[in-house]
Novice: 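After the structure tokens below, expect a handful of questions from me.
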Amino acid sequence: MNTPKDTDQDANFDILENFERFHQKNEMFRRSQWDKSIRNEKTERFYSSHGSVNEWRRAEGFRQQDYALRNAAWHISDVFTDVHNDKGRREGFTDIFTLQADVAAEKADLGTHAEAAAEIKRVAKLFGAGDAGITAYDERWQYTGRFSDIESVEKAPEITPDLGLLSVVIITIPMDYELMKTVPSALGSASTGIGYSNDARSLIALTQYIRGLGYEAHGSLNDTAMSIPYAIKAGLGELGRNGLLITKNHGPRVRIGRVYTNMPLAYDKPIDLGVKAFCEICKRCAKSCPSKSIPMGEPRDKPLSISNLTGVRKWTVDVESCFAFWAAQNTDCAVCIRVCPYNKDFSHWWHRSARWLAGTPLRRLIHWGDELFGYGRRKKPKSW
Ligand code: SF4
Ligand code: SF4
């Protein structure tokens, strides 16, 4: 069987000798709970505006009804996250989901590893995934520990190698294309909230399905590990300059989720859409980012803060200035998703053709045409 490192080259990973695993405590949202240099009045207001609608502005996209839509979009995700607050858990964000029935006593026979993998992907799509891929458990992307927002303490990881969860099913959940055109706005953030709510629902259902087949399975959203390297290994996309997963079928407009399982499954291979070469000439996300958090230059191996990974040469986003912008405008941003030429409705053949050409030497022509036709421009919230 392949080891996780065997496909590093196919995945375009440039991992250096000084690589260090990451602790959840240093992830930007967790840091905003304990790091006094990050936590301030604006970050407090940012968090308190989720849940009840208590503050809004007169500006289009930031009115009461815009925040109401955003918070309603997040609500299912919030309910799953808060269900075990009394035990110090925020499931999906600092801890894995636990709303599952027991593993069945007998193991179902789903045929060969390839047949079983095809069945799991088929059911993942039935439960709402835009795409699904499977790869091997890889300790490098697992957080070295958890951080509890509620108790403000570090905790041991829940998913560990001794559990024997050798396969990881990765799902992507598309976010609404039309709402995303209105970002930055509270209205546009509803697109993100719908994505998270659908992700939680799909993950919990897929996890339960695998448990019903007689195999151990644990659903995980933003908690536990870094999703993007897993998704790249599972053949779902490539890393973009904006620091996001650029998927084949929905570009960067996705949320990601994982199910860890001991079910033997065939693994997917990384894909090559030509994203890296396209990002080298594009830079639209870097030019459009309101906080100038996205690099214009070449991939580098230097972290910009403790919230970046050490020992990987890649495009690294300044997550401190990015989050400061979110807090200042009192909702998340996603301009780097809206403007990306890969953010398209690929049900149209002409976008699929352009995507293919973007991976060839004609990429400059595609980039020029994308600008010419005005893709990525902000749609006025009132016209949504
Ligand atoms: S979310 Fe907004 S502020 Fe953050 S990197 Fe993307 S464009 Fe910049
Ligand atoms: S906007 Fe351009 S440079 Fe940025 S991730 Fe998308 S394709 Fe790459």
Side-chain angles (χ1 to χ4, degrees), residues 28-29 32 40-78 173-199 240 242-244 250-255 282-294 317-348 351 370-384:
M28 200 60 224
F29 297 102
S32 68
N40 56 41
E41 227 174 74
K42 287 180 182 162
T43 62
E44 294 286 327
R45 190 185 58 163
F46 173 82
Y47 287 118
S48 72
S49 77
H50 272 260
S52 12
V53 177
N54 50 20
E55 199 182 322
W56 55 87
R57 308 203 290 272
R58 294 176 62 139
E60 288 287 337
F62 295 90
R63 300 164 304 168
Q64 181 178 6
Q65 69 193 78
D66 301 316
Y67 277 102
L69 188 74
R70 184 198 72 169
N71 290 9
W74 272 94
H75 192 63
I76 299 291
S77 169
D78 290 343
I173 302 286
M175 295 185 278
D176 187 84
Y177 186 43
E178 294 302 321
L179 276 170
M180 189 59 81
K181 288 179 183 170
T182 70
V183 300
S185 64
L187 174 72
S189 299
S191 181
T192 308
I194 296 166
Y196 270 107
S197 288
N198 288 345
D199 207 351
N242 53 10
L244 301 173
H250 304 94
R253 204 181 64 256
V254 294
R255 307 273 30 127
C282 174
K283 305 183 181 177
R284 196 188 290 168
C285 53
K287 288 177 190 160
S288 311
C289 172
S291 54
K292 300 287 167 242
S293 306
I294 300 173
V317 172
D318 181 345
V319 287
E320 289 185 353
S321 58
C322 168
F323 184 64
F325 177 73
W326 292 24
Q329 68 153 8
N330 200 21
T331 197
D332 51 290
C333 165
V335 167
C336 49
I337 295 178
R338 186 193 85 216
V339 301
C340 180
Y342 286 97
N343 173 31
K344 290 284 186 312
D345 176 358
F346 289 112
S347 64
H348 301 303
H351 288 320
D370 204 78
E371 294 258 5
L372 187 73
F373 285 109
Y375 287 111
R377 281 190 203 142
R378 186 173 187 245
K379 179 174 175 168
K380 287 190 176 153
K382 69 178 174 193
S383 67
W384 175 75

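Here, residue 1 is the first one in the sequence, and each next residue gets the next number. All values below were derived from every heavy atom in this structure, side-chain atoms included, with hydrogens, water molecules and symmetry-related copies excluded.
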Novice: Taking all atoms of both residues into account, what is the closest heavy-atom pair of Arg378 and Ser185, and its distance?
Specialist: NH2-CB, 3.8 Å
Novice: Can a donor-acceptor pair be found, under 3.5 Å and without considering hydrogens, that links the side chain of Thr182 to the backbone of Gly188?
Specialist: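 Side chain of Thr182 to backbone of Gly188, a donor-acceptor pair under 3.5 Å: yes, one is there.
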Novice: Could you tell me the separation between the CG atom of Asn242 and the SG atom of Cys289, rounded to the nearest 0.5 Å?
Specialist: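 Atom-to-atom, Asn242:CG and Cys289:SG are 10.0 Å apart.
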Novice: Using the salt bridge (Lys or Arg N to Asp or Glu O under 4.0 Å) rule, collect all pairs that involve residues 177-189, keeping only residues at least two apart or in two chains.
Specialist: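 Only Glu178-Lys181, Glu178-Lys379 qualify under salt bridge (Lys or Arg N to Asp or Glu O under 4.0 Å).
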Novice: To check you understand the geometry: which heavy-atom pair defines the closest contact between Lys344 and Tyr177, and what is its length?
Specialist: CA-OH, 3.8 Å
Novice: With distance as the sole test, does Asn330 use its side chain to make a donor-acceptor pair with the main-chain N or O of Ala327 at under 3.5 Å?
Specialist: no
Novice: What heavy-atom pair brings Phe346 and Gly251 nearest, and what distance separates the two atoms?
Specialist: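 In this case the closest contact between Phe346 and Gly251 is CE1-N, 4.1 Å.
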Novice: Give me the atom names and distance for the closest heavy-atom approach of Lys42 to Ala328.
Specialist: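 What the structure gives for the nearest pair is CD-CA, 4.0 Å.
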Novice: I'd like to know if the side chain of Ser321 reaches the main chain of Asp318, judged simply by a donor and an acceptor atom lying under 3.5 Å from each other, with no hydrogens or angles considered.
Specialist: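 Between the backbone of Asp318 and the side chain of Ser321 there is a qualifying donor-acceptor contact (under 3.5 Å).
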Novice: Which value, rounded to the nearest 0.5 Å, describes the distance between Arg377 atom CZ and Glu371 atom CD?
Specialist: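 So the CZ of Arg377 and the CD of Glu371 are separated by 8.5 Å.
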Novice: Under 3.5 Å, is there a donor-acceptor pair between the side chain of Asn71 and the main chain of Gly51?
Specialist: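 Indeed, once roles are kept as given, a pair shorter than 3.5 Å links the two residues.
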Novice: For a quick test of reading the model, state the closest non-hydrogen atom pair linking Pro252 to Ile337 and the distance between them.
Specialist: O-CD1, 3.8 Å
Novice: Return the minimal non-hydrogen interatomic distance between Ala334 and Met180, and the atom names on each side.
Specialist: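 Residues Ala334 and Met180, closest heavy atoms: CB-SD, 3.8 Å.
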Novice: Are more than 12 heavy atoms from other residues, nucleotides or ligands located less than 6.0 Å from atom CH2 of Trp56?
Specialist: yes
Novice: Sequence neighbours excluded, which residues qualify as ring pair (Phe, Tyr, Trp, His ring centres under 6.0 Å) partners of Phe62?
Specialist: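 Here no residue qualifies.
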Novice: Working to the nearest 0.5 Å, report the span between OG of Ser347 and NE2 of His250.
Specialist: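 NE2 of His250 is found 9.0 Å from OG of Ser347.
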Novice: If I take atom OG from residue Ser32 and atom CH2 from residue Trp326, how far apart are they, to the nearest 0.5 angstrom?
Specialist: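 It comes to 10.5 Å.
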Novice: Side chain to side chain donor-acceptor pair (under 3.5 Å) between Ser189 and Thr331: does it pass, once the steps are laid out?
Specialist: CA-CA 7 Å; Ser189 299; Thr331 197; 2.8 Å; yes
Novice: Assess whether a salt bridge exists between Asp345 and Arg253, defined as any Lys/Arg side-chain N lying under 4.0 Å from an Asp/Glu carboxylate O.
Specialist: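 Answer for the salt bridge query: no.
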Novice: Any donor-acceptor pair under 3.5 Å linking the side chain of Ser288 with the backbone of Cys285?
Specialist: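 Not at all, since once roles are kept as given, no pair shorter than 3.5 Å links the two residues.
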Novice: Are the aromatic ring centres of His351 and Tyr375 under 6.0 angstrom apart?
Specialist: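 For His351 and Tyr375, the ring centres are under 6.0 Å apart.
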Novice: Quick one: are Leu179 and Ile194 in side-chain contact, heavy atoms under 4.5 Å?
Specialist: yes
Novice: I want to check something: taking the side chain as every heavy atom from C-beta on, are Cys333 and Pro290 in contact at a cut-off of under 4.5 Å?
Specialist: yes
Novice: More than 12 foreign heavy atoms under 6.0 Å from NZ of Lys380: is that the case here?
Specialist: no
Novice: Test Arg63 against Arg57 for side chain to side chain contact (heavy atoms under 4.5 Å, CB included), laying out the working first.
Specialist: CA-CA 5 Å; Arg63 300 164 304 168; Arg57 308 203 290 272; over 6 Å; no
Novice: Mind checking the CZ-CD spacing from Phe46 to Glu41? Nearest 0.5 Å is all I need.
Specialist: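 The CZ atom of Phe46 sits 16.0 Å away from the CD atom of Glu41.
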Novice: So, does Arg338 use its side chain to make a donor-acceptor pair with the main chain of Gly376 at under 3.5 Å?
Specialist: yes
Novice: Check the angle between the aromatic planes of Tyr47 and Phe323 and answer parallel, tilted or perpendicular using the 30° and 60° thresholds.
Specialist: tilted
Novice: Starting from the C-alpha separation in whole Å, work towards a yes-or-no answer on side chain to side chain contact (heavy atoms under 4.5 Å, CB included) for Asn54 and Ser49.
Specialist: CA-CA 6 Å; Asn54 50 20; Ser49 77; 4.3 Å; yes
Novice: Are side-chain heavy atoms of Leu69 and Trp384 found at a separation under 4.5 Å?
Specialist: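 Side chain of Leu69 against side chain of Trp384, heavy atoms only: contact under 4.5 Å found.
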Novice: So that I can tick it off, tell me whether Asp370 and Arg284 are bridged by a salt bridge, with the cut-off set at under 4.0 angstrom between side-chain N and carboxylate O.
Specialist: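 Yes, charged N to carboxylate O under 4.0 Å.
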Novice: Quick check: do Leu244 and Cys336 have side-chain heavy atoms less than 4.5 Å from each other?
Specialist: yes
Novice: Looking at Arg45 and Glu55, is any side-chain nitrogen of the basic one under 4.0 Å from a carboxylate oxygen of the acidic one?
Specialist: yes
Novice: Partners of Thr192 by side chain to side chain donor-acceptor pair (under 3.5 Å), sequence neighbours excluded?
Specialist: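 Only Asp332 meet the side chain to side chain donor-acceptor pair (under 3.5 Å) criterion with Thr192.
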Novice: Kindly indicate whether the side chain of Asp199, heavy atoms from C-beta on, has any atom under 4.5 Å from the side chain of Ser77.
Specialist: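 Asp199 vs Ser77: side chains apart.
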Novice: Does Ser293 reach the main-chain N or O of Val317 with its side chain, forming a donor-acceptor pair under 3.5 Å?
Specialist: no
